[in-house]
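The block underneath contains the structure these notes are about, expressed in structure tokens.
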Amino acid sequence: MKVSELLGERYKDRVSDIESQNLMTRGGYIKQVGNGIYSLLPPAKRIQNKIEAILRQEMDRIDGQEVLFPVAMPASLWQSSGRWESVGKELLRFKDRSGADMVLGMTHEEAAVHMAMNIAGTYQKYPFMIYQIQTKFRDEPRARGGLIRVREFTMKDAYSFHTSQKDLERYYKRCYRAYERIYARAGIPEVVAVASDSGMMGGKVSHEFMLLTDIGEDTIVLCPECGYRANMEAAECIVHNDGSREAAPLQKIATYENKTIEEVCSFLHSTAKESCKAVVYQRNADDSYVLVFIRGDLEVNETKLRNYLKAEVHPAVEIDHVGLVAGSIGPVGLPENITVVYDRSLEGTRNLICGANEEGYHYTGLNMDRDVPGATYVDAAKAVAGGVCPKCGKHSLVVKNGIEVGNIFQLGRRYTEAMGMTYDDEKGNRVNPIMGCYGIGVGRLMASVCEEHHDQYGPIWPITIAPWQIEICALRSDQPQVRETAEGLYTSLTEQGFEVLYDDRPVSAGFMFSDADLLGCPLRLIVSPKTLGRGVVEMVSRDKSLKEDVTLENALPRAREAVAAMYAAINAQVPESL
């Protein structure tokens, strides 16, 4: 490909604080069509093709069979699984010309079960895995960061079917390792797997693969001491309270206009850790109230709360009409007919400050065992930095941000039972198979690699997914010797099977190198009157680790060696498959 013929322009002006979006827009990789919807220009499409090739190779390696599900599906599929009602506005619903309800697929569990139930009626067909690479649409309310969070996206999603939990767990490990291989082959072995909440997907066991980065929207809880890793939504919050202090009496104190935890604790010369705060929610289904009591220095983990209640909730707005006093809600003397949840950070606590359920008053000396007898405690809090690790028990937790670049779930029988998929087991009984599912967003993976590997000038693409392996920069291409040498190299490298980008434009060196940095090819060959005067070509790697002059006769074999070394460096970090 000659740069003079390459579709797309490159420019200097910043477009975003998120570097991958900034560089991929400036570099002519992506063009926004609408909110969270992008067209891919040739460099990005070439990268996507290479990522998809890696995905296919790794899925085939673990016995996957590629299929293709439709993007548009009848609502009846989603109604049969129950997700037509349970999934919110992220699922794009519409009517076709005959008035039938339809959806655009944001995920394809229903389509996978629908396909499999017609072809796997006996235990002899199991286990098997089917996968696709397909366009999906999720009506994401917070599209941001270019390809990091979009509404329309390309995804590799796979679905495995098993006759036993043990067989699912064995395959789950194979897919877990395949994902580690995928990220290493794509040039980001830094990705870590964390335990996660299954959310709308269902199932009890799931993992998310995270690239730790400051711009990530997901919050990850890590323990450097033992290797514990979990998404904040799933991370256990362990609190050790000191129950040895002598219990003080419960006393009502006037706190006047002070209402927030910070104001009340400051007024009473105490700390948030020595207080009990209330957070009020309402169930989405019927607007009934849910009151969560938690230690004042902690925050409610809404995912844990939803899982405990088995219901979707939202923060309450109006509470006066149910007998709750904003800024002074406490666990003593509550009105009836409100669901109350006590976080386990309060278990065994003494001498806390809490609301008195009366305007302008709070209690001191709250003793949960004495003043709220029979309370049931659940884990409803967010883990915190410096908190107790659930695995090793040390106060060693750290909290970081990350981009989710893949996920895997042990779904169990949720979908096969709901949709009536069965097979005949060895005894002739009709049994629901057990499922797993495994997803990777292609565009997000591309953007994540850019986010991890760039400098101030542009992306530094790993050789395995780079749009082109080598770029030839012909400085002063208007001079015959430069043009003939550069074109000769271009022809020879292309004939040898290399992917070569040739900048043949009569532009300044600064302009050409700026574009080359934005295009991010791993290896660059520079031909100019100056280098030819020395009988050499300058060879430079995009990451600046290599810079040398090579003779014209040695340019082709030396380029081959350099490219091979780049592949070898990546392959050395790829683990063995299971």
Side-chain angles (χ1 to χ4, degrees), residues 235-281 289-302 304-305 308-309 313 315-316 319-320 322-336 338-388 390 393 395 397:
E236 187 178 3
C237 181
I238 298 175
V239 174
H240 294 159
N241 291 310
D242 181 9
S244 63
R245 292 193 300 168
E246 184 177 347
L250 188 67
Q251 291 185 322
K252 186 187 292 186
I253 305 291
T255 48
Y256 308 105
E257 299 298 321
N258 298 294
K259 292 186 176 183
T260 68
I261 287 293
E262 293 76 12
E263 291 170 348
V264 172
C265 289
S266 176
F267 179 75
L268 296 176
H269 307 291
S270 186
T271 64
K273 188 175 180 180
E274 297 174 298
S275 69
C276 166
K277 71 179 177 184
V279 187
V280 189
Y281 294 90
Y289 285 82
V290 177
L291 183 54
V292 182
F293 288 106
I294 189 171
R295 207 173 71 181
D297 61 325
L298 300 176
E299 299 296 329
V300 174
N301 185 321
E302 293 185 4
K304 292 181 182 178
L305 179 62
Y308 173 71
L309 296 172
V313 297
I319 64 173
D320 294 344
V322 292
L324 297 175
V325 181
S328 188
I329 303 173
V332 179
L334 281 171
E336 297 180 355
I338 294 179
T339 301
V340 181
V341 177
Y342 297 98
D343 181 67
R344 67 185 187 189
S345 60
L346 299 174
E347 189 170 8
T349 52
R350 295 180 176 182
N351 304 339
L352 298 182
I353 296 167
C354 69
N357 296 311
E358 182 178 343
E359 186 73 34
Y361 286 88
H362 283 75
Y363 282 123
T364 61
L366 174 69
N367 182 323
M368 290 298 295
D369 292 339
R370 179 193 67 202
D371 302 320
V372 193
T376 299
Y377 299 93
V378 301
D379 179 16
K382 291 182 179 179
V384 296
V388 178
H395 286 268
L397 293 183

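In this text, all values refer to a predicted model and were calculated from it rather than measured experimentally. Worth knowing before you read on, the calculation uses all heavy atoms, side chains too, and leaves out hydrogens, waters and symmetry mates.
- Listed for the N351 side chain is a donor-acceptor partner under 3.5 Å among the backbone atoms of E246.
- Counting only heavy atoms from C-beta outward, the side chains of V384 and D297 never approach each other to under 4.5 Å.
- Remark: Y361 engages K252, A254, A356, E358 in a side chain to side chain contact (heavy atoms under 4.5 Å, CB included) (not counting sequence neighbours).
- Note: I261 CD1 to H362 NE2 = 7.0 Å, rounded to the nearest 0.5 Å.
- When all heavy atoms of F267 and T255 are compared, the pair lying nearest together is CE2-CA, 3.9 Å.
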Would you list the atom pairs, donor with acceptor, under 3.5 Å between side chains in residues 368-378 and any protein atom, with sequence neighbours excluded?
from : atom 1 : to   : atom 2 : distance (Å)
R370 : NH1    : A248 : O      : 3.0
R370 : NH2    : A248 : O      : 3.2
R370 : NH2    : G365 : O      : 2.9
D371 : OD2    : N367 : N      : 2.8

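- The CD1 atom of I329 sits 7.0 Å away from atom CG of N357, with the distance rounded to the nearest 0.5 Å.
- Closest of all the heavy-atom pairs between C237 and A381 is CB-O, 3.5 Å.
- Aromatic ring pairs are classed by plane angle as parallel below 30°, tilted from 30° to 60° and perpendicular above 60°; the pair H395 and H240 is perpendicular.
- Here the shortest heavy-atom pairing between V388 and L397 reads O-CD1, 3.5 Å.
- In this structure, the side chains of T349 and E274 stay at 4.5 Å or more apart for every pair of heavy atoms.
- Distance CG/D379 to OH/Y308: 12.0 Å, rounded to 0.5 Å.
- Atoms CD1 and OH, on I253 and Y363 in that order, are 10.5 Å from each other to the nearest 0.5 Å.
- Of all the heavy atoms in V239 and S345, the pair that sits closest is CG2-CB, 4.0 Å.
- One distance of note links OG1 of T364 with CG of L352; it measures 10.5 Å at 0.5 Å rounding.
- Across I294 and A380, no two heavy atoms sit closer than the pair CD1-O, 4.5 Å.
- Nearest heavy atoms, E359 versus V325: OE1-CG1, 3.4 Å.
- A distance of 10.5 Å separates NZ in K277 from CG in D343, rounded to the nearest 0.5 Å.
- Contact check on E236 versus K304 returns no salt bridge, with no Lys/Arg side-chain nitrogen under 4.0 Å from an Asp/Glu carboxylate oxygen.
- Within the 4.5 Å cutoff, the side chain of C354 has heavy atoms near those of the P331 side chain.
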